[in-house]
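Nothing here was measured: the structure is a model prediction, and the numbers come from that model.
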Amino acid sequence: MIRAAVVGATGYTGLELVRILSTHKDVELTAITSRSNPATLFSEIFPSFKGIVSLKTEEFDATAISTKADLVFVALPHGSAMDVVASLLTEGLKVIDLSADFRFSSLSTYEQWYGGHSCPELLKETVYGLPELNRERIANARLVANPGCYPTSVILPLMPLIKEDRIVNESVVVNSASGASGAGRSAIVSNIYCEVNDSFKAYKVGEHRHTPEIEELLSLAAGEELLISFTPHLIPMNRGICSTITAKLKNNLSTKDLLKILEDFYHKETFVRIYPEGSYPDTANVRGSNYCDIGLKVDERTGRVVIVSVIDNLVKGAAGQAVQNMNIMFGIDEGEGLNHVPFSI
């Protein structure tokens, strides 16, 4: 039995982690922390957990957590997570960090986009936690950096085509739309109901912090520096991401050709589903699940491929992928706790 703790359990990602872990047959949830709701029954904060989770939130104390946990999920904002992670590692715990603090191998890239880093020495040993690409390294890691939600939706569909050298690397354009939960649970005026409802808008145009994360992973696959044009959008729904990706093709390839490349690359992957020719995924059919669904079409008129990729930003984009990583780290069925049908309505 894996003894697991969640630091930052009352944010949306922490909440989703508690939801998944509470029904995981190989996990005992032993501690949850919260700065905003200290010393409170989790089921009082979130009544949906009445009769399911009996834990009270507690203040963060790495030593105290180390006496009752084997692995800790850190669901804190960037900048707040790094010192917490370092203290947990010092106590001999395995850690999965869901912030951006350990996602980059390059310290200068992190500092350019996020600011200073208090424990850069840990960047060298951190494993980027995208299971479909890094499974063997994740299995032996003590610190896993969970990918961002937008990067997950972009890297998974593009990686096979870049590795097969099928697209012009400098031609990648990504337009992604996310539900409001992607901005977190803090009270921000731009995310309140009247600001979001009946509206669809772009934000952080040309400056979103997930851009360098996507570029770093794709550049490694390409063997050269790869820059993308990335524009995120806010869509009036609770959860879900839809990324529409276009890129110039290097050769005269058909839709069928490119789908076969993706199907061959992911044929053993439970949580990546490739749609047949003429079909495209939508967010409703991955809601609440750990799936990434992908469809594509070659636009013969422009010589570009158009890829549509969808995930649930709170599951495959955050908590579900973190649990998938935990399963790999402890050598259990990778899908345990995650093999449920999406709730499409």
Notebook entry, point to check: Does N252 CG have over 12 foreign heavy atoms under 6.0 Å away?
Noted result: no
Notebook entry, point to check: So, T33 and E59: side-chain donor and acceptor under 3.5 Å apart, yes or no?
Noted result: no
Margin query: If you define the side chain from C-beta out and look only at heavy atoms, does anything of T283 sit under 4.5 Å from I241?
Written below: no
Note to self: For N238, is the CG atom crowded, meaning more than 12 foreign heavy atoms sit under 6.0 Å from it?
What the structure shows: no
Next item on the list: Determine whether V308 and I294 make a side-chain contact, defined as any pair of heavy atoms from C-beta on separated by less than 4.5 Å.
Entry: no
Checklist line | Salt-bridge present (K68, E58; N to O < 4.0 Å) | finding: yes
Check: Within 45° of the ring axis of F343 and under 6.0 Å from its six-membered ring centre, is that where the NZ or CZ of R287 lies?
Finding: no
Note to self: Cation-pi check for F230 against K204: NZ or CZ below 6.0 Å from the six-membered ring centre and within 45 degrees of the axis, yes or no?
What the structure shows: no
Check: Does the S80 side chain pair with the main chain of L76, one donor and one acceptor, at a distance under 3.5 Å?
Finding: no
Margin query: Ring-plane angle category for F42 and F49, please: parallel below 30°, perpendicular beyond 60°, tilted otherwise.
Written below: perpendicular
Margin query: For residues L234 and V310: do they belong to one hydrophobic cluster (side chain heavy atoms under 4.5 Å, members Ile, Leu, Val, Met, Phe, Trp, Tyr)?
Written below: no
Margin query: Can you classify the ring geometry of H117 versus F102 as parallel (below 30°), tilted (30 to 60°) or perpendicular (above 60°)?
Written below: perpendicular
Next item on the list: Please lay out, stage by stage, how R209 and Y114 fare under the test side-chain contact (heavy atoms from CB on, under 4.5 Å).
Entry: CA-CA 8 Å; R209 287 167 165 167; Y114 289 92; 3.2 Å; yes
Check: Is there a side-chain contact between Q324 and E336, using heavy atoms and a 4.5 Å cut-off?
Finding: no
Notebook entry, point to check: Regarding N325 and N146, is there a side-chain donor-to-acceptor distance under 3.5 Å anywhere?
Noted result: yes
Note to self: Looking only at the side chains, is there a donor atom on one of S34 and T57 sitting less than 3.5 Å from an acceptor on the other?
What the structure shows: no
Note to self: Can you confirm whether the side chains of N37 and T40 place a donor and an acceptor under 3.5 Å from each other?
What the structure shows: no
Checklist line | Under 3.5 Å side-chain donor-acceptor pair for T246 and R304 | finding: yes
Margin query: Quick check: closest heavy atoms across V172 and N169, and the distance to 0.1 Å?
Written below: CG2-O, 3.6 Å
Note to self: Keeping K248 on the side-chain end and T302 on the backbone end, is there a donor-acceptor pair under 3.5 Å?
What the structure shows: yes
Check: Listed by chain and number, what are the side chain to side chain contact (heavy atoms under 4.5 Å, CB included) partners of P160, not counting sequence neighbours?
Finding: I261, L262, F265, Y266
Note to self: Could you tell me if the side chain of K25 sits less than 4.5 Å from the side chain of I332, heavy atoms only?
What the structure shows: no
Margin query: When you compare the side chain of V85 with that of L88, does any pair of heavy atoms fall below 4.5 Å?
Written below: no
Notebook entry, point to check: Are V174 and I214 side-chain neighbours, meaning at least one heavy-atom pair lies under 4.5 Å?
Noted result: no
Check: Around atom OH of Y193, are there more than 12 heavy atoms of other residues, nucleotides or ligands at under 6.0 Å?
Finding: no
Next item on the list: Write down the atom of G129, the atom of P131, and the distance for their closest heavy-atom approach.
Entry: O-CD, 3.2 Å
Notebook entry, point to check: Less than 4.5 Å apart, any side-chain heavy atom of F271 and any of N339?
Noted result: yes
Note to self: Exactly one of S178, S176, S309 should register a side chain to side chain donor-acceptor pair (under 3.5 Å) with S243. Which one does?
What the structure shows: S176
Check: Which pair of heavy atoms, one from P232 and one from H208, lies closest together, and at what distance?
Finding: CG-CD2, 3.6 Å
Check: Passes salt bridge (Lys or Arg N to Asp or Glu O under 4.0 Å), E132 versus K268? Steps please.
Finding: CA-CA 9 Å; E132 290 78 10; K268 292 183 179 179; over 6 Å; no
Checklist line | Distance-only donor-acceptor check, side chains S289 and D312, under 3.5 Å | finding: no
Item checked: Note, E334 side chain near R135 side chain (heavy atom, < 4.5 Å) -> yes
Item checked: Atom of I65, atom of A5 and distance for their closest heavy-atom approach -> CG2-CB, 4.0 Å
Item checked: salt bridge (Lys or Arg N to Asp or Glu O under 4.0 Å) between D70 and K94, intermediate numbers included -> CA-CA 6 Å; D70 307 305; K94 292 187 176 183; over 6 Å; no
Note to self: With no hydrogens and no angle check, just 3.5 Å: does a side-chain donor-acceptor pair link E216 and S106?
What the structure shows: no
Note to self: Run N290 and H340 through side-chain hydrogen bond (donor to acceptor under 3.5 Å, both in side chains) and show every step you take.
What the structure shows: CA-CA 9 Å; N290 200 52; H340 49 264; over 6 Å; no
Next item on the list: Give a yes or no on whether E111 atom CD has more than 12 heavy-atom contacts from other residues, nucleotides or ligands under 6.0 Å away.
Entry: yes
Check: Should S118 and D83 be marked as a side-chain hydrogen bond (donor to acceptor under 3.5 Å, both in side chains) after you check the CA-CA gap, both sets of side-chain angles, and the distance that decides it?
Finding: CA-CA 7 Å; S118 62; D83 290 331; 2.5 Å; yes
Next item on the list: Determine, stepwise, if the pair M329 / I96 fulfils side-chain contact (heavy atoms from CB on, under 4.5 Å).
Entry: CA-CA 10 Å; M329 292 167 79; I96 298 174; 3.8 Å; yes
Next item on the list: Drop me the distance from K316's NZ to C292's SG, to the nearest 0.5 angstrom.
Entry: 7.5 Å
Item checked: Carboxylate-amine/guanidinium contact R239 E16, below 4.0 Å -> yes
Check: Should T152 and Q321 be marked as a side-chain hydrogen bond (donor to acceptor under 3.5 Å, both in side chains) after you check the CA-CA gap, both sets of side-chain angles, and the distance that decides it?
Finding: CA-CA 9 Å; T152 297; Q321 188 145 255; 3.1 Å; yes
Next item on the list: Please say which of W113, Y128, Y150 ends up in a side chain to side chain donor-acceptor pair (under 3.5 Å) with E213.
Entry: Y128
Notebook entry, point to check: Taking atom NZ of K163 as the centre, does the number of heavy atoms from other residues, nucleotides or ligands within less than 6.0 Å exceed 12?
Noted result: no
